[in-house]
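Any value given below was found using the heavy atoms of this structure, including those in side chains, with hydrogens, waters and symmetry copies removed. The chain is numbered in sequence order, starting from 1.
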Amino acid sequence: MKKHSARVAPLSACNSPVLTLTKVEGEERPRDSPGPAEAQAPAGAEAGGRTSHPCWRCSRAQLKKMFWGVAVVLCVCSSWAGSTQLAKLTFRKFDAPFTLTWFATNWNVLFFPLYYVGHICKSTEKQSVKQRYRECCRFFGDNGLTLKVFFTKAAPFGVLWTLTNYLYLHAIKKVNTTDVSVLFCCNKAFVFLLSWIVLRDRFMGVRIVAAILAIAGIVMMTYADGFHSHSVIGIALVVGSASMSALYKVLFKLLLGSAKFGEAALFLSILGVFNILFITCIPVILYFTKVEYWSSFDDIPWGNLCGFSVLLLTFNIVLNFGIAVTYPTLMSVGIVFSVPVNAVVDHYTSKIVFNGVRVIAIIIIGLGFLLLLLPEEWDVWLVKLLTRLKVRKKEEPAEGGADPGSGAQSKARRARPSFAR
């Protein structure tokens, strides 16, 4: 049996909403095939003269990956849906989406410390913080993390990260969380289109169909509310957020390539440092110009802000480092599952109307997202599967038409003791 490998990178902006910005497809990390491994019994005749049949078996390692996959899907779904709902709740008391973006992004500085704790606990060759930092800095080149590299290779991604999160959170103020979460799923279609144009990735007809479905879903979602200015602005903000997310991922792959776990953690921590040093002035300006103003710091719902930041950080951690324990596709499925979760919450907490157009738009966008998860060799796997099913169907009638007398004689021969000749 041939083992397939998938290439996945920890940093990318294609699969998750605001936080997804941290996961980039294309990391050169060998992975097992996302589908169940096929173990065939040896072909040929057995002692009784019967022909063995191919069967599907999962090794213990694959079962363990599937188990972890279920846990990761639940964690991704709950953290993403929870952060979206908590942001909506926060804006009722604290109407400052950019300040919330800035506050949550500051927590990115914890990525590398958390990674180093995991390194100390798991690695057999333990390194000091300084040694590990220098080794991860090689990701930026032979000279490591210099001032020039910081402004040319880290700062642009810090800006894109902030824009993606801000546009997403600002859209939550305009439209319901169900529409926001499902529309953000279109970012994967944008990633494919940009990768095809800029990175010259392989053309796949099924992904073109998925991109068309995503665009059709956006139009139908806009029509669902009757093209009111309020909803149109909100949908435009989500689409802009998805576009920034796609641009983040494609530029990362173009300029930096792929990253290992330590390099990804360091990169995300650097984005947090950039946010603290250079973005802090913007919330201050917005406060004094009363664009985002609050009367007293005691009125700020610190519990909501910290809860949102923790959920967002959890989402990014699982999305970036979950590939160590399960398949990347399962993590993406968790993002899709967050849409019905948000829909249920919206149904009981808001005045959302799930008319036919909105439901069809959600289904179309979700279908397009799932089509984009298909691997490049999906057609080859499908042909092999259909071929094996046809072979099995041909073998079953042949066995059923065998002479019952000969079968009884063969059973009698097998029942005789070994010394009977």
Does [X] [atom1] have over 12 foreign heavy atoms under 6.0 Å away?
| X | atom1 | value |
| --- | --- | --- |
| Lys93 | NZ | no |
| Phe94 | CZ | yes |
| Trp196 | CH2 | no |

With distance as the sole test, does [X] use its side chain to make a donor-acceptor pair with the main-chain N or O of [Y] at under 3.5 Å?
| X | Y | answer |
| --- | --- | --- |
| Glu292 | Thr99 | yes |
| Trp68 | Ile323 | no |
| Ser245 | Ser241 | no |

Quick one: do Leu266 and Glu263 satisfy side-chain contact (heavy atoms from CB on, under 4.5 Å)? Show the steps, please. CA-CA 5 Å; Leu266 177 61; Glu263 296 166 348; 5.8 Å; no
Next on the checklist: I'd like to know if the side chain of Tyr168 pairs up with that of Thr84 as donor and acceptor (distance under 3.5 Å, no hydrogens or angles considered).
Outcome noted: yes
Considering only heavy atoms from C-beta outward, does the side chain of [X] approach that of [Y] to under 4.5 Å?
| X | Y | answer |
| --- | --- | --- |
| Cys306 | Asn304 | no |
| Ile215 | Ile212 | no |
| Leu313 | Leu110 | yes |
| Ile218 | Leu183 | yes |
| Thr90 | Pro301 | yes |
| Phe267 | Cys136 | no |
| Cys77 | Val341 | yes |
| Asp179 | Ile235 | no |

For residues 131-141, the salt bridge (charged side-chain N to carboxylate O under 4.0 Å, His left out) pairs (sequence neighbours left out) are Arg132-Glu135
Measure up the [X] and [Y] rings against each other and bin them: parallel (under 30°), tilted (30 to 60°), perpendicular (over 60°).
| X | Y | answer |
| --- | --- | --- |
| Phe112 | Tyr115 | tilted |
| Tyr293 | Tyr287 | parallel |
| Phe321 | Phe111 | tilted |

At their closest point, which heavy atom of [X] faces which heavy atom of [Y], and how far apart are they?
| X | Y | result |
| --- | --- | --- |
| Ala155 | Phe274 | CB-CE1, 3.5 Å |
| Ala171 | Val238 | CB-CG2, 3.3 Å |
| Leu371 | Ala210 | CB-CB, 3.9 Å |
| Gly234 | Val175 | CA-CG1, 4.1 Å |
| Phe308 | Ala87 | CE1-CB, 3.8 Å |
| Met221 | Val182 | CE-CG1, 3.5 Å |

- prompt: Would a line drawn from the ring center of Phe278 to the ring center of Phe151 be shorter than 6.0 Å?
  reply: yes
Check the pair Thr101, Thr162 against side-chain contact (heavy atoms from CB on, under 4.5 Å), reporting the backbone distance first and the verdict last.
CA-CA 7 Å; Thr101 301; Thr162 301; 4.2 Å; yes
Who are the side chain to side chain donor-acceptor pair (under 3.5 Å) partners of [X], not counting sequence neighbours?
| X | result |
| --- | --- |
| Ser295 | Asp299 |
| Asn342 | Gln85, Ser181 |
| Thr280 | Trp102 |

Atom pair [atom1] ([X]) and [atom2] ([Y]), whose distance is rounded to the nearest 0.5 Å:
| X | Y | atom1 | atom2 | result |
| --- | --- | --- | --- | --- |
| Lys249 | Phe192 | NZ | CZ | 11.5 Å |
| Cys137 | Ile270 | SG | CD1 | 6.0 Å |
| Leu271 | Asn106 | CG | CG | 12.0 Å |
| Ile365 | Leu370 | CD1 | CG | 12.0 Å |
| Asn275 | Phe103 | CG | CZ | 11.5 Å |
| Leu160 | Thr164 | CG | OG1 | 6.0 Å |

Hits for ring-ring contact (aromatic ring centres under 6.0 Å, His included) against Tyr116, two or more places apart or cross-chain, chain-then-number order -> His119
- Item | Stepwise side-chain contact (heavy atoms from CB on, under 4.5 Å) check, Ile362 with Arg358 | CA-CA 6 Å; Ile362 292 174; Arg358 174 174 275 110; 4.0 Å; yes
Output, in order, the C-alpha distance, side-chain angles, deciding distance and verdict of ring-ring contact (aromatic ring centres under 6.0 Å, His included) for Phe140 and Phe150. CA-CA 9 Å; Phe140 297 101; Phe150 179 81; 9.2 Å; no
Step-by-step side-chain contact (heavy atoms from CB on, under 4.5 Å) determination, Leu163 to Tyr248: CA-CA 10 Å; Leu163 284 175; Tyr248 175 102; over 6 Å; no
With sequence neighbours left out, the residues meeting side chain to side chain contact (heavy atoms under 4.5 Å, CB included) with Ile364 are Leu213, Met220, Ile360
Between Asp346 and Lys88, does at least one N-O distance fall below 4.0 Å, as a salt bridge requires? no
